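It should be emphasised that the depicted structure is a prediction, and the values quoted were computed from it without experimental measurement. In what follows, chains are A, B, ... by sequence order, proteins preceding strands, each numbered from 1. We use all heavy atoms of the structure for the numbers below, so side chains are in, but hydrogens, waters and symmetry mates are not.
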Amino acid sequence: MAKNTTVEAARAEIERDFQAGYDLPVYVYKPWCKSCEICVALCPKRVLEMGEDRKPVVARPADCIQCRMCELHCPDLAVFVTKEKG
Amino acid sequence: MITMHPSFEMLRPGKKFPTVWCPGCGHGIVQGAIIRAVQKLGIPRDQMVMVSGIGCSSRMPVYVDFNSLHTAHGRAIAFATGVKLHNPKLHVIVITGDGDALAIGGNHFIHAARRNVELTVILLNNNIYGMTGGQYSPTTPIGKRASTAPYGTAERDFDPCALAVAAGAVFAARGTVFGVVELEKMIQQALAKRGFALVEALSPCPTLYGRLNREGNAVKMIQWQKENTINAKAAAKLPPEKTAGKIITGVFHDAEVTPYTEVYQGIIDKAQGQKQ
Amino acid sequence: MKDKHQIRLSGSGGQGMITAGVILAEAAGVHDGKNVVQSQSYGPEARGGASKAEVIISDQEIFFPKATAIDILLAMTQEAWDRYSDDLREGGLAVVDSFYVKAAGRPNVHALPLSQSAREEVGIEIVANFIALAAIAELTGVVSKAALEKAMLARVPRGTEDKNRKALEIGYRLARGAKG
Amino acid sequence: MSADIRLLQGNEACAEGAIYAGCDFFGGYPITPSTEVAEEMARLLPRHGGKFIQMEDEIAGIATMLGAGAAGAKAMTATSGPGFSLMMELLGYGCMAEIPAVIVNVQRAGPSTGLPTKGAQADMMQARWGTHGDHPAIALCPSSVAESFSLTVKSFNLAERFRMPVQLMLDEFIGHLREKVTIPAPGELEVYTHPRPSVAPGEYRHFGDGTSVGGAYAAMGTGYRFNITGLTHDPMGFPTGRTDEIRWKMDRLRAKTDDHLPELVDVEREFLDDAEVVLFAYGGGARTAQEAVRLARARGIKAGLLRPRIVWPFPDQTVADALAKAKAMLVVELNQGQLIGEVRRVNQGGTKVVPVLRYDGEIITPDELMTAVEANR
């Protein structure tokens with residue numbers, strides 16, 4: 001289930017992950033994810049897969065082309081691309 | 001270089017997320033497009049006012065860090081008219097749904113278009129009343145099921161873009177959440193218009209409309225949009241049999257007409273000129 | 001002179017009874033410095049059929065705002081006379097249009113050719129209401145002539161001042177003739 | 001400078017009062033017998049740089065007024081009977097969202113279309129209880145054209161201070177009556193405008209800090225972004241389902257009037273010291289009572305008059321005090337008996353409470369009222 005947090009809390013949590021060396025091209029902020037699978041379905045390179053917890057996982061990071069389809073289509077601002085294209 | 005979600009800066013401080021919307025509801029996708037459109041235009045958020053009525057879509061203003069006014073069912077456009085007329089410097093976006101804008105609020109919708117009040121109306125059309133459990137709306141297609149149409153509706157739906165244009169809107173466009181990039185451009189164009197501008201965003205309701213009409217989950221409904229919509233420019237080049245039954249998207253109308261608050265400023269000047 | 005006057009101006013819709021009432025009230029109230037209240041009939045009652053405006057003028061504060069015992073009645077039509085003359089108190093004075101109204105059998109009724117003089121001398125019947133106001137002013141002194149003219153000129157369209165002034169003169173003259 | 005004395009209708013004086021009070025927005029829909037308020041505002045507002053808009057119906061009228069009010073305007077609407085009924089939902093919105101505004105109701109006889117051109121005072125309970133849900137109400141009743149001016153100014157002051165819609169309950173008798181009014185010079189009457197916040201935007205709470213009355217609150221576009229909603233909300237304006245927050249909000253609304261009753265009493269008392277027969281009257285109907293109390297005194301009857309100018313909140317204590325000293329209280333109303341229920345509610349002793357009512361579109365005459373006075377002397 002989604003967990004209610006403020007944007008300030010979300011930002012702090014994500015920053016901590018970044019500082020701890022997060023290096024994948026896509027970030028999934030799980031507390032806001034409602035498991036709708038849109039990001040998984042619309043990724044043209046199948047970078048994302050649904051995990052056992054019904055949240056997306058970055059299964060094939062090397063295939064990401066930074067097209068942002070996942071980010072633009074996530075209704076809950078829970079998925080975003082962490083790296084600029086090119 | 002690793003970067004944060006670019007929309008976070010526009011979210012309401014102190015407000016808990018995620019949103020009230022169901023999993024896979026298209027409204028959050030439209031919200032993202034609005035945020036990006038405002039960011040790209042560089043409108044200071046202090047000048048932004050988001051006004052809404054009642055319904056699922058109308059919950060949006062609380063999530064975005066603008067001035068916001070969540071009003072009563074159907075009345076968002078009438079409230080927004082007051083905001084804009086009192087302070088024409090403010091950018092006023094109306095967030096409304098198909099039931100809110102076209103049923104209970106239909107009168108306000110056509111009259112604001114007629115007056116050409118500078119409002120950017122984003123009509124999130126999910127073809128159903130979501131908040132109250134799936135009753136049919138003025139855009140539920142005939143024959144489709146709703147909680148108040150267990151055998152399918154007996155009513156024809158109408159086209160909000162055509163209605164707005166007929167009533168005097170200066171801009172009318174229809175996009176989908178599948179085509180969110182185009183949708184975002186339409187919203188940008190609409191925000192830049194001086195006058196009554198409508199963007200109809202087709203936004204699936206998997207929980208109610210999808211289930212009642214066996215159209216599958218959010219993913220299936222978004223993919224349905226991909227397969228069943230044609231851009232107006234492309235459609236114009238196709239034979240009629242290829243476009244039959246498809247939903248046409250795109251910008252239908254884009255005109256320049258002196259906006260309401262400017263005309264009213266002329267009234268003020270005239271009245272003050274006559275003052276003894 | 002009695003310090004409270006209840007005046008009813010009646011006629012048919014379009015004869016300018018309300019305008020006359022407002023001007024009389026403004027003249028007596030704003031220019032003569034009396035206390036005044038003015039009220040009138042509205043709506044279907046005021047369209048077409050009989051229309052009335054009431055003015056109460058007093059040196060004292062006026063509480064109840066409607067006329068109960070009429071001191072001065074103007075009736076421009078037979079219908080207005082039939083409908084509104086019952087409230088004319090004993091000893092009250094009436095001015096009626098001699099062309100339209102048969103008001104026989106009442107003392108103190110001055111039948112004056114209001115509309116006829118308007119037509120013949122000014123060329124437009126619409127100013128009959130001002131002729132009537134002037135006649136009332138001359139007969140009763142309820143309002144000063146200076147105040148009446150000032151109030152009237154402030155309310156009439158620009159360019160019509162002369163015709164309206166003439167209407168007042170006719171009214172004063174007719175009333176002087178009636179006084180004998 | 002000589003005094004500005006004018007002959008005005010009650011409705012025109014109301015519009016002049018609004019301008020005096022600094023009203024800069026009118027949204028409404030014309031309806032008899034309130035239309036002259038709209039017509040005058042259409043003429044006057046743009047001269048003063050304000051805005052007038054005729055909307056598509058009364059719901060839109062009050063909605064656009066509240067929108068302007070939320071944005072920072074001193075806003076107003078005016079209506080009558082059927083239009084007042086249409087506005088009821090959003091009157092509650094204005095209370096919940098704490099938007100200052102003035103709603104003028106020039107009362108006509110109902111129900112339904114009723115008598116559009118004839119007066120009544122039959123919306124008095126609607127002003128108190130017409131919208132759904134518990135909520136505070138402030139309503140004023142002018143008895144003269146001069147009061148139509150001064151009480152409109154007062155309505156705006158109360159709306160700003162109490163941060164809620166205030167209802168000016170005119171009636172057709174006063175709305176269409178013409179009387180002399182001395183327009184006060186600027187500064188002669190108090191004009192109150194609520195303060196704007198001085199805290200840093202991050203610390204601002206649109207519904208916070210425990211000051212629902214007299215506190216500072218922001219206009220849109222001034223650096224303080226806030227959420228306004230008709231949903232029950234917390235101090236930030238965020239919708240809430242928490243019972244403690246719901247109770248906080250509801251108590252905050254109730255406290256607006258309940259905690260400030262002394263400043264919400266505005267009653268005219270005439271000949272009350274030794275009065276045995278007290279006339280209770282308000283608005284247009286009070287004009288008859290003012291006449292009758294003098295007629296009664298001239299006949300040696302110890303009569304007095306109690307005339308509330310603010311009717312909601314009801315002046316319980318003032319009425320109770322008068323009842324305690326009187327043999328009878330005659331309640332004069334142009335309806336089938338509305339505020340008489342309030343009089344009976346506060347009547348703790350055995351004072352006789354007598355209705356003197358008229359509801360045929362005409363005002364009670366002094367003779368009618370004197371008959372009742374004589375019968376209860």
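- Residue C:Ser41 holds its OG atom at 8.5 Å from NZ of D:Lys118, rounded to the nearest 0.5 Å.
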Practice task
Would you check, one step at a time, whether the test side-chain contact (heavy atoms from CB on, under 4.5 Å) holds for C:Val37 with D:Lys180?
Solution key: CA-CA 8 Å; C:Val37 299; D:Lys180 271 200 302 187; over 6 Å; no
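- Within a 6.0 Å radius of NZ in D:Lys302, other residues, nucleotides and ligands contribute 12 heavy atoms or fewer.
- Environment of NZ in C:Lys163: sparse, with no more than 12 heavy atoms of neighbouring residues, nucleotides or ligands closer than 6.0 Å.
- Heavy atoms of D:Ile174 lying under 4.5 Å from chain C are absent altogether.
- Comparing D:Ile5, D:Leu177, D:Leu115 by how many heavy-atom pairs each has under 4.5 Å with chain C, the most go to D:Leu177.
- Across every non-hydrogen atom of C:Phe64 and D:Glu291, the tightest pair is N-OE1, 2.9 Å.
- Atom CZ of C:Phe63 is separated from atom OG of D:Ser143 by 11.0 Å, given to the nearest 0.5 angstrom.
- Surrounding CZ of D:Phe271 are more than 12 heavy atoms belonging to other residues, nucleotides or ligands, all under 6.0 Å away.
- Separating the OG atom in C:Ser39 from the CZ atom in D:Arg178 is a distance of 9.5 Å, to the nearest 0.5 Å.
- Proximity to chain D involves both the backbone and the side chain of C:Val22, based on heavy atoms less than 4.5 angstrom apart.
- For D:Thr288, the parts lying near chain C are the backbone and the side chain together; criterion is any non-hydrogen pair under 4.5 Å.
- Here the CD-CD distance, from D:Gln290 to C:Glu61, works out to 7.0 Å after rounding to the nearest 0.5 Å.
- Of residues 6-15 of chain D, those residues with a non-hydrogen atom less than 4.5 Å from any non-hydrogen atom of chain C are, in numerical order, D:Arg6, D:Leu7, D:Gln9.
- Separating the CD1 atom in C:Ile62 from the CD atom in D:Glu179 is a distance of 7.5 Å, to the nearest 0.5 Å.
- In this structure, chain D has a heavy atom under 4.5 Å from the side chain of C:Gln40, while its backbone stays farther away.
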